[in-house]
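No experiment lies behind these values; they were computed from the predicted model shown. In each ligand, atom 1 is the first atom listed, and ligand 1 is the first ligand listed.
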Amino acid sequence: MEPLIKLSETEENSAREIERVSDPSAIIIFGASGDLTMRKLIPSLYCLFINNLLPEEFIILGVARTKMDDAQFRIKVTEALRIGSNCPLDEDSLNKFVNFIYYHPLDYGNVKTYKVLSEKLRKLEDVGVPGGNRIYYLSTPPTTYSIISENIGLSAQDGGWRRIVIEKPFGRDLESAGRLNEQVHRYFSEDQIYRIDHYLGKETVQDILMFRFANAIFEPIWNRQYIDHVQITAAETLGVEHRAGYYDNAGVLRDMFQNHMMQLLALTAMEPPAAFEANSVIDEKVKVYKSVRPVSLDNLRNHLVVGQYSQGEMEGEQFPAYREEEGVKPGSQTPTYAALKLYIDNWRWKGVPFYLRSGKRLKKRHTEIAIQFKDVPHLLFMNFIKEKIGPNVLVFTIQPDEEIKLTLQTKMPGTRGGLREVIMDFKYADFYRGASIDAYERVLIDCLSGDHTLFVREDGVDATWRLLTPMLDAIEKNSNICPVEMYDCGSSGPGLADEMMTRDGRQWRGL
Ligand code: BG6
């Protein structure tokens with residue numbers, strides 16, 4: 001299908017119109033020798049640095065259990081940047097950046113070692129970071145969040161603000177998330193806590209709200225009267241990689257649904273916020289979660305399908321089954337795929353199904369939100385066209401190729417009444433040529449400037465776990481309630497997911 005509209009290809013646009021954050025601050029990264037720090041945080045901080053988006057006065061202090069000194073850590077950082085930097089690496093910038101980096105070995109559970117950490121921080125701040133502002137970034141295993149936040153909370157700080165950034169997963173069910181919130185709140189107020197969901201930092205995810213509320217033509221039809229259903233897909237080609245220790249205890253519902261998928265759902269379904277400001281936006285998202293109809297456990301199979309990848313071939317390469325991956329328990333029942341049907345019981349959405357699916361080792365890496373509109377009410381062209389006319393579909397492709405497209409029916413030239421489906425599309429890459437801000441860069445800037453809009457609030461965590469926990473409990477206690485179906489690596493997922501759609505007279509969009 002040919003695109004109907006092409007935006008000017010000559011247009012140059014810089015995505016970096018963000019102003020430098022001015023408050024000097026120390027960024028203390030716990031879990032500094034870990035994978036996330038080296039693959040994501042350090043490269044993002046480096047990009048911010050060379051684009052003048054970090055404060056003029058800052059330091060990065062890496063903290064982890066491994067014994068190392070500043071020089072050794074700087075070598076690791078340099079190596080990580082040489083492998084994984086998305087921004088130009090010239091020796092001069094690299095040397096300058098690395099000079100802002102320090103390291104401190106620490107036993108997370110030993111309060112005494114935090115005193116030594118505080119002293120080191122204070123000395124570094126005296127030289128390079130006036131004001132004493134601190135961001136504590138917890139990039140450690142979730143089991144350590146509670147003890148680290150307590151020990152940070154107990155350690156001294158002279159003046160300045162103090163913020164704590166916590167990576168997902170935030171708890172593993174409603175109860176544990178509540179406990180963790182309570183523990184972190186003993187020392188930090190909600191406005192000091194930044195719970196990360198990196199999907200919110202993605203440009204196309206942020207664009208959902210702009211698209212909905214900066215264009216007058218879509219909002220009047222964004223409801224049960226015009227929309228048949230919504231499909232939200234996050235398909236990955238990657239498997240569990242080296243994270244089986246975490247993943248085998250989590251599975252796709254905790255890993256992708258409680259956070260990323262729920263965020264995509266909320267942005268699609270929420271009401272316009274009173275203002276484009278953190279609490280107003282988050283209030284509307286939480287209202288969506290609270291309006292989601294709890295899934296009936298008596299009828300769970302009609303709403304939830306879970307699967308696990310078995311071995312298979314992808315692009316000529318043979319991949320092992322999930323159960324054969326290193327670190328996965330033999331006979332593991334952990335789902336690597338789920339498809340979930342939800343209803344939002346409010347005036348806008350009553351009766352419109354939202355189909356969410358996500359899985360690993362699928363055919364294609366593709367994340368999208370597809371809004372399928374209702375069929376035309378009356379077929380005017382019945383005499384000419386025998387087959388059903390395809391509905392209009394509005395699709396936000398989040399990744400890998402950021403795009404917004406709308407399918408339309410048009411007359412085929414030369415025919416009396418032949419129709420052809422065409423696509424009106426907007427591809428980010430055609431229009432925005434300036435370097436874009438990576439999701440981690442975005443959330444780091446927002447945390448430095450104290451903006452919570454792209455973070456998750458306590459009541460949001462609570463509401464999403466409240467929805468998922470009963471389902472998780474049910475399937476984990478009784479594997480017959482919703483048996484894990486095997487699917488081949490490189491396929492579109494388990495057959496039961498297709499059956500769920502067929503029962504509803506619908507189809508998944510192709511991967
Ligand atoms: C992470 C999950 O939060 O998101 C991973 O833990 C998943 O399992 C990843 O692969 C997907 O993120 P992205 O940005 O690659 O879509």
Say whether Leu238 and ligand 1 are in contact under the criterion: heavy-atom distance to a ligand atom below 4.0 Å.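 No, Leu238 has no heavy atoms under 4.0 Å from ligand 1.
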Given His260, Arg243, Gln399, Glu167, which has its nearest heavy atom closest to atom 13 (P) of ligand 1?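 Nearest heavy atom to atom 13 (P) of ligand 1 lies in Gln399.
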Counting heavy atoms only, which of His198, Glu236, Arg365 is nearest atom 10 (O) of ligand 1?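 Checking each option, the heavy atom nearest atom 10 (O) of ligand 1 is found in Glu236.
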Report yes or no: do Asn279 and Arg457 form a side-chain donor-acceptor pair below 3.5 Å? yes
Looking only at the side chains, is there a donor atom on one of Glu368 and Thr233 sitting less than 3.5 Å from an acceptor on the other? no
How close does the nearest protein non-hydrogen atom get to atom 14 (O) of ligand 1, and which residue and atom is it? Lys202 NZ, 2.6 Å
Contact summary for Tyr108 and Ala64, nearest pair of heavy atoms: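 Looks like OH-CA, 3.4 Å.
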Residues Asp283, Lys287: salt bridge by 4.0 Å N-O rule: no
Between ligand 1 and [X], is the shortest N or O to N or O distance under 3.5 Å?
X      : result
Tyr246 : no
Lys168 : yes
Thr367 : no

Can you check whether Tyr428 and Phe426 have ring centres sitting under 6.0 Å from each other? yes
